[in-house]
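Computed from a predicted model, the values in this text were never measured in an experiment.
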Amino acid sequence: MKVKNVYDVLKERGFVEQVTDEESVRELLGGDRITCYIGFDPTASSLHIGSLVPIMALAQMQRHGHRPIALVGGGTALIGDPSGKTEMRQILRQEEINANAESLKMQLARYLDFSEGMALLLNNADWLAPLNYIEFLRDIGRHFSVNRMLAAETYRMRMETGLNFIEFNYMLLQSYDFYYLCKHYNCLIQMGGNDQWGNIVAGMDLTRRMEDRKVYGVTFPLIVTSLGHKMGKTEKGTVWLDGRLTAPYEYFQYWINTDDADVKRFLALFTYLPMDEIEKVAQLRDAELNMAKTVLAFEATAITHGDEAAQAALAASMGAFNIKPVRDDILPSSRIPRTPAPESTSAIPFVEIAKERLEEGIPAFELFCDAQLCRSKGEARRVLTQGGGYINGEQIQAFDMKIGPDHIDAGGEIRLRKGKKIFAIVRVR
RNA sequence: GGAGGGGUUCCCGAGUGGCCAAAGGGAGCAGACUGUAAAUCUGCCGGCGGAGCCUACGGAGGUUCGAAUCCUCCCCCCUCCA
């Protein structure tokens, strides 16, 4: 059986917003191995859920026999992309960027197979840094019309708030990347968020002028939740892909809290489950729909943190939230365990408390702070006064209730809960 | 370089000498209802064990019994002119 055209796959799964030349791109992707690229900004030491769409797009490309290039923008990050932003981005120091670029490489390796040139990881600092200003202006700059650049949405929206020259040059550098990758790596397609459209098109133009070659661009829709929220933001801040910054359990929680209306769309984008199974999710209701969310959380966590971590997160959530096992006929291709897992709290975040301290008795609001359920004692007091604090499943009545040794359960733990869904375990040391 | 307008708490944004920890909105948190969803209603929403105290209205000084508010200098942003 012939492998499905990856362009159709991407389109079906909701990855495609705009294409520069749909027919040609489809034809290209239906043929022999081609090379495509997406740029990632090393402005933080970890990628977050917001970068998952591009990552998954590259992964899909690779699974369908093409060669993805993940381009770390070590050079362009020195300038700051104005696209989609209303204010100038903070410019980072060279060392920070280099360090970030390194950790991004590690992360991307979990989604893409970089062995034997099946995928490439490049850093544009390698070719941007040595550029010489005069030469660059003469060879590259002359191909750009300022009039046309100003017409680009990217810059137009900045005309009101202000745009400085360094940012104005971003388009030239990103265009140069595309040209460079085409020339040296035979890269024919650039993908990116829809805010990159202007930069991608400019890169195509430059490549045509410099190399006389036709290249293509595909953009992804900006993914927001059906409530209009940005992906990957919670009350605890950004949901990172790095397990040290966001524990797999938290990551799992993020996905299981997906809105009803987003489950199907997210399964298509963020898992590899077959579309015919995902389509059936539309018919699910109530408890069944929650099972689909469980699968989404499991699959997404397994992709980012591995099967083992996903299973631990699942087991912890089942214990804490009384989740029913997922029925066999719901998304049958998923490897999610479908029997009740032995209850385990091992994946839930925990803090250790010295035995002596506990023997004296710790006021509940202080313990909530120590367990990082609340940011300040004031907040903890408020939460507890409003009845939002629970200990071993019981609502805490007084904010300063003393927590002592008799609260330790058979497993040697104290279970704290804030609100409905945030848990912490206290272990006595 | 000149003239004018600005920088307020997570974000937007009101506030022009005491009644200002600062209106209003958004976001967020908790409770009720639920399905770890949404919608709705209620309460909360700088720190400190509640009192008062501390820290906060771009930065540094000053005037005043008292400053987000007035004065001086500095930094940054915007608009128009050059």
Side-chain angles (χ1 to χ4, degrees), chain A residues 82 85-91 157-167 224-239 249-267 281-282 284-298 300-301 313-327 330 347-348 360-370 372-390 393 395-403 416-424:
Chain A
K85 308 200 172 50
T86 50
E87 285 189 20
M88 181 160 165
R89 190 164 66 188
Q90 202 190 346
I91 291 182
M157 64 183 282
R158 286 300 231 81
M159 295 311 287
E160 288 169 20
T161 59
L163 174 73
N164 64 16
F165 188 65
I166 187 171
E167 293 176 287
V224 292
T225 70
S226 51
L227 289 176
H229 293 153
K230 249 194 237 171
M231 290 292 293
K233 299 285 180 187
T234 68
E235 78 281 358
K236 287 198 165 173
T238 306
V239 181
Y249 169 81
E250 309 282 357
Y251 192 80
F252 185 95
Q253 291 300 315
Y254 177 80
W255 290 106
I256 208 164
N257 280 311
T258 297
D259 296 344
D260 285 8
D262 294 325
V263 178
K264 195 182 127 192
R265 192 161 54 113
F266 288 179
L267 280 164
V281 166
L284 301 178
R285 293 279 171 276
D286 307 328
E288 294 175 325
L289 186 55
N290 278 352
M291 290 181 188
K293 288 185 193 180
T294 310
V295 173
L296 169 64
F298 177 83
T301 307
L314 175 66
S317 300
M318 279 184 147
F321 296 107
N322 231 336
I323 292 182
K324 299 189 192 86
V326 177
R327 245 174 31 211
I330 292 174
I348 296 180
E360 289 166 23
I362 305 172
F365 71 99
E366 277 184 26
L367 192 59
F368 268 63
C369 260
D370 293 344
Q372 293 179 8
L373 288 170
C374 297
R375 262 178 273 249
S376 68
K377 289 182 191 170
E379 185 191 328
R381 230 183 308 147
R382 260 177 256 128
V383 166
L384 294 174
T385 309
Q386 292 179 113
Y390 304 80
Q395 191 173 50
I396 295 173
Q397 300 302 328
F399 76 87
D400 56 354
M401 179 175 118
K402 292 269 192 196
I403 309 292
L416 300 179
R417 190 174 113 215
K418 175 191 159 211
K420 270 171 261 177
K421 18 185 178 176
I422 305 173
F423 286 78

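Proximity of A/V383 to A/K418: side-chain heavy atoms (C-beta onward) are separated by under 4.5 Å at one or more points.
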*Kindly determine whether A/Y254 and A/M231 satisfy side-chain contact (heavy atoms from CB on, under 4.5 Å), including the steps that lead there.*
CA-CA 10 Å; A/Y254 177 80; A/M231 290 292 293; 4.0 Å; yes
*Test log, rule ring pair (Phe, Tyr, Trp, His ring centres under 6.0 Å), inputs A/F423 and A/F321*: CA-CA 10 Å; A/F423 286 78; A/F321 296 107; 5.0 Å; yes
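Remark: B/G24 base-pairs with B/C12. Criterion, Watson-Crick or G-U wobble with two distances under 3.5 Å. Here B/G1 sits opposite B/C81 as a Watson-Crick or G-U wobble pair (both hydrogen-bonding atom distances under 3.5 Å). A 3.5 Å limit on both hydrogen-bonding distances identifies B/G31 as the Watson-Crick or G-U partner of B/C41. Pair assignment for B/A68: none, as no Watson-Crick or G-U wobble contacts are both less than 3.5 Å.
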*asked:* I need a per-nucleotide contact map over nucleotides 34-42 of chain B, read 5' to 3'. Cutoff is protein heavy atoms under 4.0 Å; write B for the base, S for backbone only, - otherwise.
replied: BBBBSS---
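Across the C1' atoms, B/C71 and B/A22 are found 23 Å apart, a figure rounded to whole Å. Nucleotides B/A56 and B/G24 have their P atoms positioned 24 Å apart, rounded to a whole Å. Nucleotides B/G50 and B/G18 place their C1' atoms 25 Å apart, quoted to the nearest Å. Separation of the P atoms belonging to B/C76 and B/G28 is 36 Å when rounded to the nearest angstrom.
Taking atom CZ of residue A/R381 and atom P of nucleotide B/A51, one finds them 10 Å apart after rounding to whole Å. Rounded to whole angstrom, the span from the CD atom of A/E379 across to the P atom of B/G28 amounts to 14 Å. B/G31 atom P lies 13 Å from atom CD of A/Q397, rounded to whole Å. When rounded to the nearest whole Å, the span between CZ of A/F365 and C1' of B/G50 equals 11 Å. When rounded to the nearest whole Å, the span between NZ of A/K377 and C1' of B/G46 equals 16 Å.
Salt bridge status for A/R381 with A/D400: absent, with no side-chain N to carboxylate O gap under 4.0 Å.
A donor-acceptor pair is defined here as one N or O able to donate and one able to accept, closer than 3.5 Å; such a pair exists between the side chain of A/Q395 and the backbone of A/G387.
The residue among A/Y390 and A/D400 whose nearest nucleotide of RNA chain B is located toward the 5' end is A/Y390.
With respect to A/K293, the side chain to side chain donor-acceptor pair (under 3.5 Å) criterion is satisfied by exactly one of A/T258, A/N257, A/D259, A/D260: A/D260.
No hydrogens or angles were tested; on distance alone, nothing pairs the side chain of A/Q386 with the base of B/G31 as donor and acceptor under 3.5 Å.
Under 4.0 angstrom from either OP1 or OP2 of B/C10 there lies no side-chain N or O belonging to A/R375. Within the structure, every side-chain polar atom (N or O) of A/T385 is placed at least 4.0 Å from both OP1 and OP2 of B/C44.
A/I396 contributes atom CD1, which lies 5.0 Å from atom CD1 of A/I403 (distance to the nearest 0.5 angstrom).
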